[in-house]
Structures are given as structure tokens and as C-alpha cells.
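Only one structure is covered here, and it is reproduced in the block below.
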Number of protein chains: 2
Amino acid sequence: MEKDKLTALGGIKLFEGLPPAQLKSLAEISQLKGCKYGEILFEAGQPGTHFFAVVSGKVRVYRASLSGKEQILSVFQAGESFAEVPVFEGKTYPASAQALEDSVLLSIPRRGLVELLRREPELALSVMALLSSRLRAFVGQIAQLSLKEVPERLAGYLLLLRAAQGRDELTLDLPKGQIASYLGTIPETLSRAIKKLSEQGLIEVAGSRVSVLDPEGLAALAESDR
Amino acid sequence: MEKDKLTALGGIKLFEGLPPAQLKSLAEISQLKGCKYGEILFEAGQPGTHFFAVVSGKVRVYRASLSGKEQILSVFQAGESFAEVPVFEGKTYPASAQALEDSVLLSIPRRGLVELLRREPELALSVMALLSSRLRAFVGQIAQLSLKEVPERLAGYLLLLRAAQGRDELTLDLPKGQIASYLGTIPETLSRAIKKLSEQGLIEVAGSRVSVLDPEGLAALAESDR
DNA sequence: GCAGGACCTTGACTTTAGTCATGGAATCCA
DNA sequence: TGGATTCCATGACTAAAGTCAAGGTCCTGC
């Protein structure tokens with residue numbers, strides 16, 4: 001069992017390059033935790049006791065409004081970690097987290113991680129780099145939400161996917177409803193945005209498969225604003 | 001002159017509690033820099049060479065769209081620091097920065113700061129806490145932009161100001177146009193939102209002075225969503 | 001004291017996106 | 001296999017916020 005945890009920890013990008021002794025001490029304090037599709041890991045406002053890493057599966061981090069609309073902040077997959085904020089602030093989780101698939105997670109109590117960071121300046125620098133990249137992503141998300149309309153945001157999202165998948169035939173990584181929530185809109189509006197891009201000949205859509213027909217056109221749209 | 005820098009560094013919250021020797025080495029590599037109202041310090045996309053701290057004055061960090069609309073991410077005042085992201089990522093600034101008043105800044109080259117962080121785990125932890133609090137703020141901002149309407153966002157902003165100023169008679173800390181940009185809207189829409197809150201008897205406005213008449217009502221509005 | 005300018009407000013209008021309701025397609029699994 | 005569920009698309013409508021244009025207020029500096 002300790003063995004499993006060690007292997008799992010080894011697969012987490014953030015802990016790459018950590019000396020084996022430290023990995024082992026991390027393994028001692030962390031827990032492997034299975035969770036099912038739809039399971040809520042924590043909710044915005046709860047005291048933030050643990051830091052998480054995804055061993056397998058998929059987790060979304062989001063904020064919900066009282067009326068039920070949700071804004072996805074990020075989706076995390078195998079090798080990624082999340083819920084750093086309360087580790088260093090010691091307060092509450094700023095957002096909620098829910099499994100989008102049956103998943104396996106590592107949960108690490110914040111105290112232990114802080115101890116480790118005190119002893120491992122290189123890990124600390126990695127953590128700062130990770131936090132910084134999150135900040136960069138959020139800056140982009142804020143700018144998109146505030147300065148761009150839905151079809152433009154969709155174009156940007158598709159270009160990101162294309163870069164990640166390395167080809168023009170994309171497979172959507174999330175159900176469309178979740179993509180809508182990530183883009184800060186609702187499924188109906190996303191549906192119409194997809195139709196619009198199709199009609200303009202920029203993409204072709206069949207279910208969760210999307211072909212990018214005109215990458216430059218998409219890029220022009222994504223850059224543009226009203 | 002070195003003396004000035006030391007005093008200035010001593011006033012920066014992030015560096016509070018740093019051993020004098022380290023402060024001194026920071027002073028050696030950092031530069032004092034005056035800048036005038038409206039001066040642009042850096043623009044989104046430029047290589048991020050420096051980290052900044054505000055000695056006096058006021059700086060806004062924002063993203064602009066091609067068409068001229070702007071979204072303010074944060075406004076920094078004396079004692080605060082900004083532009084951490086490229087320090088740890090070594091890439092470009094994710095947003096632009098502009099002086100909102102004649103200001104004095106400290107600029108610190110990223111290399112020197114990284115060196116210092118390697119030697120000072122406690123400073124590293126402070127930086128992680130700072131980055132985390134930024135993330136928390138951005139999560140809130142994303143949620144507001146996506147899940148709430150302008151009058152609700154305004155209500156939230158006024159409540160924050162009220163908490164900061166500790167009384168019900170507020171002085172707006174920014175021109176209304178800048179507040180609009182912070183709230184993700186335009187001056188006309190902000191004007192109407194202010195009028196709406198006034199008509200509902202929640203606030204009373206005269207120029208840049210705002211009286212909060214009904215804090216609970218404001219809070220109810222800020223929490224609510226459509 | 002008044003001309004110019006920055007900033008703010010208001011009104012009329014347009015555009016975008018959200019709401020509500022309906023129906024279709026795919027999937028899961030008794 | 002067929003019934004239920006979930007997810008998605010579409011249409012008709014409403015509401016929110018942006019655009020454009022005009023005018024007001026306040027401050028500054030001759």
C-alpha cells in the first residue's frame with residue numbers, strides 16, 4: 001500500500017525530481033482516495049485541510065451560483081495537482097471540486113506539505129512556478145470573460161485543444177455542457193456559437209468530434225474583439 | 001541613495017521580517033524609479049524582467065482589448081508588490097501596468113529575487129502565501145464576472161471598500177471610469193447601476209462620496225444571483 | 001472669470017446572451 | 001427491446017449590457 005502511494009506520487013508532475021527520501025516521507029502522510037463520477041471532493045468555503053493530486057481520472061474545480069449556474073475554473077487530469085491555495089493561506093477552499101469521472105486521488109494534509117517546502121527550496125520554486133502559471137491562466141480567463149464574446153472564447157478554446165492534441169481533428173475532452181460552463185456561458189448559447197463557427201466554415205462538428213477547417217480564421221476570430 | 005532603497009524596501013509588506021543582511025543585498029540589486037501619472041510600466045506580452053513594489057502612489061494592472069475596452073485585474077498601493085508571475089515562470093508579463101498617480105516604485109530584477117528565495121525558505125513561504133491570495137482573489141473575480149450582474153458586482157465592491165475604510169461614509173478610491181473597468185463593464189453601465197442602488201435606497205452618492213445606507217440590503221444583493 | 005478638458009450622466013437604440021419550452025439523438029441497463 | 005435518463009439543438013421571447021450621441025458638471029490654468 002505504501003508502495004502504491006509512492007508510485008502514485010512519482011507520477012505527479014509537481015513532485016518530479018524530488019529526492020526519494022522526501023517522496024517517501026510524503027507517501028507516509030498522504031492518502032490514496034478513490035472517488036466516483038459526480039462525487040464532490042470539497043465545496044467553496046469549507047476549511048481547506050488538504051492538497052490533492054490526480055492519479056487517474058478527471059476533476060473539475062468550479063464555482064456555483066445560488067441559481068445553479070456554474071463557472072468552471074479548471075479541469076485536472078492524471079499527474080496534475082490542485083487546491084494549493086488553502087495550503088499556503090490556511091483558510092477555506094475558494095472553489096468547489098467534483099470528480100468528472102471515477103478517479104483516484106492523492107490527498108496530502110497541508111501541514112505536512114508546508115514542512116516539506118521549508119526543507120526543499122527547489123520544490124518551493126516549483127510550487128511558485130505552478131502558482132504563477134495558474135495566475136497567468138486566470139488572467140487570461142478574466143480577460144476572455146470580460147473582453148470577448150462567446151464565439152471568440154470558443155475559438156480560443158478550440159485552438160488550445162488543437163495545440164494540445166497536435167492535429168486538426170479534435171476530440172472534445174469534456175461534454176459540451178461542461179465546455180459551456182468553462183467558457184462562462186450556458187449550453188444553449190454554446191450550441192449557437194458552434195453553429196455560427198460551422199456556418200462560417202471555420203469548423204465542422206459531428207458529436208464530440210470537431211474538425212478545424214480554417215485555423216487562421218479561428219485565430220483571427222479569437223484575437224478579435226468587438 | 002542606498003539608504004533610500006533600504007527604507008523603501010522596509011516599507012514593502014512582502015519583505016517584512018527579512019533579515020537585515022538579505023534586505024541589504026536586495027537593496028543592492030533593486031532600483032528606485034519615479035513615474036508619472038499615466039506612464040505605462042510594461043505591457044502584456046513583453047518579456048518579464050522585473051518584479052515591482054509600490055513605494056508611493058498607485059498602479060493599475062489590466063488587460064486591454066484591441067477595441068479599447070479594458071479590464072482591471074488589480075490596483076496596487078504603497079507597500080504592495082506586483083508582477084510576480086514572470087519572476088517564477090521567466091516568460092512574459094500576462095497583463096499591462098500603468099501608473100494611476102505620480103508614483104515611486106522599486107524594481108527588482110527577477111534573477112536576484114530567485115536567488116534570494118532559494119536561500120530564504122520563510123520568504124518563499126510568504127511569496128507562496130501572496131501568490132495564493134492573488135489566486136483566491138482571481139477566483140472571486142472570475143465568479144463575479146461570470147455569475148453576477150453589474151449591480152451585484154457593484155454592491156460587492158462597495159462592501160469591500162466599506163470593510164477597508166471601516167465606516168459607512170465611503171470615499172471612492174478610483175475615478176468611476178476605473179471602477180467600471182474593474183467591475184468588467186463600461187462607465188455608462190456603472191452609472192446606471194449606481195442609480196439603481198440609489199433608487200433602491202441602498203446607497204446615497206455625491207460625486208466620489210458614497211454613503212452606505214443599508215449594508216444588509218447591499219450584502220443580500222451582492223450574494224444574490226439571477 | 002472664463003475657455004478647455006476630463007469625467008460623468010442620460011436617453012434612444014442595438015446586440016448579445018440568458019430563459020423557457022420542446023423535441024431529437026444517444027446511451028444505459030433492466 | 002424498450003423505457004428512462006442524459007445530453008444536445010432549436011425556436012420564440014426577455015432581459016442585460018454595450019453603442020452612439022448629446023449634454024452637464026467640475027476643475028484647471030490662463
Side-chain angles (χ1 to χ4, degrees), chain A residues 36-38 60 64-72 98 100-102 144-155 171-199 203-210 221 224-226, chain B residues 36-38 60 64-72 98 100-102 144-155 171-199 203-210 221 224-226:
Chain A
K36 286 177 306 192
Y37 168 87
R60 69 172 187 149
S65 75
L66 299 175
S67 60
K69 196 184 166 192
E70 293 175 347
Q71 170 68 46
I72 293 185
Q98 180 185 33
L100 284 177
E101 301 173 357
D102 295 349
Q144 294 253 332
L145 283 173
S146 164
L147 304 174
K148 300 203 170 160
E149 302 178 353
V150 173
E152 300 164 354
R153 288 181 234 160
L154 171 60
T171 306
L172 296 181
D173 53 346
L174 295 173
K176 286 180 190 162
Q178 297 298 311
I179 294 177
S181 174
Y182 178 74
L183 296 178
T185 187
I186 55 174
E188 292 94 321
T189 300
L190 176 62
S191 225
R192 286 165 185 139
I194 290 174
K195 202 173 164 193
K196 192 172 167 192
L197 300 198
S198 299
E199 282 169 355
I203 60 174
E204 213 165 69
V205 181
S208 70
R209 311 213 132 253
V210 178
L221 183 61
S224 82
D225 37 58
R226 98 207 62 152
Chain B
K36 286 176 306 190
Y37 168 86
R60 69 173 185 148
S65 75
L66 299 175
S67 60
K69 195 183 166 195
E70 293 175 347
Q71 171 67 47
I72 293 184
Q98 180 185 32
L100 284 177
E101 301 174 356
D102 295 348
Q144 294 253 330
L145 283 172
S146 164
L147 303 175
K148 302 205 168 156
E149 301 178 354
V150 173
E152 300 165 355
R153 287 180 234 161
L154 172 59
T171 305
L172 296 181
D173 54 346
L174 295 173
K176 286 181 189 161
Q178 298 298 309
I179 294 178
S181 173
Y182 178 74
L183 295 178
T185 186
I186 56 174
E188 291 96 319
T189 300
L190 176 61
S191 226
R192 285 163 186 140
I194 291 175
K195 202 172 163 192
K196 191 171 168 192
L197 299 197
S198 300
E199 283 168 356
I203 59 175
E204 213 166 69
V205 181
S208 70
R209 311 213 132 253
V210 177
L221 183 61
S224 82
D225 36 60
R226 99 206 62 153

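In what follows, chains carry the letters A, B, and so on, assigned in the order in which the sequence lines appear, proteins first and then strands, with residues in each chain numbered from 1. Hydrogens, waters and symmetry mates play no part in the numbers below; they use all other heavy atoms, side chains included.
What separates CG of B/Leu174 from P of C/dC8 is a distance of 10 Å, to the nearest Å. For the pair A/Leu190 CG and D/dT10 C1', the interatomic distance rounds to 14 Å; values are reported in whole Å. Rounded to whole angstrom, the span from the CG atom of A/Asp102 across to the C1' atom of C/dC28 amounts to 15 Å. Atom CG of B/Leu154 and atom C1' of D/dA17 are 15 Å apart (whole Å). Protein atom CG of B/Leu147 is 13 Å distant from nucleotide atom C1' of C/dG18, rounded to whole Å. What separates CG of A/Leu172 from C1' of D/dC8 is a distance of 12 Å, to the nearest Å. In this structure, the CG atom of A/Leu145 is 15 Å from the C1' atom of C/dT16, given to the nearest Å.
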Derivation and outcome, salt bridge (charged side-chain N to carboxylate O under 4.0 Å, His left out), residues A/Glu101 and A/Lys36: CA-CA 6 Å; A/Glu101 301 173 357; A/Lys36 286 177 306 192; over 6 Å; no
What are the atom names and distances for every N/O pair under 3.5 Å that joins the protein to nucleotides 10-15 of chain C?
unit_1	atom_1	unit_2	atom_2	d
C/dG11	N7	B/Arg192	NH2	2.6
C/dG11	O6	B/Arg192	NH2	3.1
C/dA12	N6	B/Arg192	NH2	3.4

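B/Glu149 CD to B/Ser224 OG: the interatomic distance, rounded to the nearest 0.5 Å, is 8.5 Å.
For CD of B/Glu204, the number of neighbouring non-hydrogen atoms (other residues, nucleotides, ligands) closer than 6.0 Å is 12 at most.
Contacts with DNA chain C (heavy atom under 4.0 Å) in residues 175-186 of chain A: A/Gly184, A/Thr185, A/Ile186, listed by number.
A donor-acceptor pair is defined here as one N or O able to donate and one able to accept, closer than 3.5 Å; such a pair exists between the side chain of A/Ser181 and the backbone of A/Glu70.
Residues A/Leu145 and A/Gln71 have side chains in contact (heavy-atom distance under 4.5 Å, counting atoms from C-beta outward).
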